[in-house]
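Here is the structure we will look at.
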Amino acid sequence: MVKSNSNALAIIFPNMYDRVVPELTKERLMASVPFASRYRMIDFLLSSMVNCGIDNITILARENYFSLLDHLGSGREWDLSRKNGGLNIFPPYAQKSMGVYGGRIEGLASILAFLKAQKEKYVVLSDTNIAANFDFNALIASHKESGADITVAYTREEIPTAFLMAEPSRKDMYFTFELDGDKVTKLHINEKMSGVKNLGMNIYVVNREYLIDIVEEAFVAGGTCFERDILLPKMAELNIHGYEYTGYVARITSLKSYFDENMKLLDDENLDGLFAANPIYTKIRDDNPTRYIGEAKATNVMVADGCVIEGEIENCILFRGVKVGKGAKVKNCILMQDTVIEPNARMEYVITDKKVTISERKALQGSDTFPVFVTKRQTV
């Protein structure tokens with residue numbers, strides 16, 4: 001695909017934001033949540049890394065990772081099936097020193113032997129609750145130029161409503177930064193102030209040897225959270241550089257935001273913002289082209305391959321293998337893989353998980369502020 005970037009490796013944390021969408025992560029993790037008709041959330045940052053020549057990528061899984069293993073396989077679709085580097089997946093209990101980690105520090109501490117054996121100078125850290133066509137080469141170049149100890153990517157935006165309304169006991173924290181030029185001077189955890197903020201993307205670049213040192217120190221002291229237990233206490237002594245990302249970002253913070261971010265892609269401008277810069281790769285499912293039969297109607301939709309449409313669909317996202325029966329009317333819905341809508345059913349503002357069946361003549365009605373969710377393999 002591209003020349004290797006031998007100076008950087010990447011570590012992806014696929015579970016860190018599972019709790020923001022418990023409906024979707026009951027049997028999967030955030031990284032494998034379906035998004036944009038035929039992709040999973042991990043596809044976007046994983047593809048961005050590969051497009052920038054990062055070919056040593058580690059997935060540090062915690063739980064519910066079967067669907068992720070099934071999706072990624074050997075990493076062939078991302079050109080990561082190789083003898084040296086490539087795709088490395090560390091599930092819990094893969095070795096005696098590894099348990100189910102609670103935060104990034106514990107997760108990184110469990111693979112310190114692996115990190116010490118690598119040759120790359122820099123490490124990119126990332127979560128998977130964000131879909132973006134991210135230029136990691138620009139991020140790494142900014143880190144090198146600034147001479148920073150750590151570089152953090154952020155966006156200028158208002159804090160999502162779901163974060164502002166979250167209970168204090170929630171562990172899926174978010175972070176905002178105060179800047180003096182490009183230097184981070186203050187870090188705020190779970191800030192509740194309104195207005196446009198420097199909102200962290202949970203994407204970092206750090207020197208590999210320095211990362212090993214600070215993780216060992218924090219782990220011995222009982223630390224679990226990278227931001228709270230490393231960045232915050234060392235704010236005065238660390239040179240933390242901020243890197244503003246101005247491209248298109250879809251950030252999943254709740255089921256409502258998941259619905260909204262998918263629906264935004266029905267706008268060509270947003271679709272181009274996410275997909276135009278570089279290709280996004282995903283698992284291939286060999287299937288027939290979508291068929292529109294008889295009096296089928298489709299208006300403003302994103303439809304993957306393998307679908308059979310005999311009814312009417314409007315403002316919808318359809319994943320692979322969806323079937324919409326004759327006389328059915330589906331509007332403002334997200335239908336995941338192999339959903340079956342039987343004839344004359346009526347649906348509006350509904351999200352169906354995989355392999356759901358909506359029986360003949362049944363009606364489901366949600367709203368734009370509260371979409372109805374139907375769990376995996378259910379029949380309504």
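Hydrogens, waters and symmetry mates are skipped; everything else that's a heavy atom, side chains included, is used. Position 1 is the first residue of the sequence, and the numbers go up from there.
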Side chain of S74, backbone of S81: donor and acceptor closer than 3.5 Å?
no
So does D260 pair up with R251, basic N to acidic O under 4.0 Å?
no
D43 side-chain N/O to I280 backbone N/O, donor-acceptor pair under 3.5 Å:
no
Where does the angle between the aromatic ring planes of F44 and F35 fall among parallel (under 30°), tilted (30 to 60°) and perpendicular (over 60°)?
perpendicular
Near E269 CD, under 6.0 Å, is it more than 12 heavy atoms from other residues, nucleotides or ligands?
no
Output yes when a side-chain donor or acceptor of Y174 lies under 3.5 Å from a complementary backbone atom of E191, and no otherwise.
yes
For D127, give me all partners under side-chain contact (heavy atoms from CB on, under 4.5 Å), at least two apart in sequence or on another chain.
F13, M16, Y17, R104, N129, N202
Polar side-chain atom of T224 near backbone of G103 as donor-acceptor pair, under 3.5 Å:
no
Just jot down the salt bridge (charged side-chain N to carboxylate O under 4.0 Å, His left out) partners of E314, sequence neighbours excluded, or say none.
none
I need the full list of salt bridge (charged side-chain N to carboxylate O under 4.0 Å, His left out) pairs touching residues 285-294, with sequence neighbours left out, sorted by first then second residue.
R285-D287, R285-D338
Between I334, L318, L271, which is the residue that forms a side chain to side chain contact (heavy atoms under 4.5 Å, CB included) with M302?
L271
Donor-acceptor check, side chain of D70 to backbone of F66, threshold 3.5 angstrom: yes or no?
no
E244, CD atom: more than 12 neighbouring heavy atoms under 6.0 Å
yes
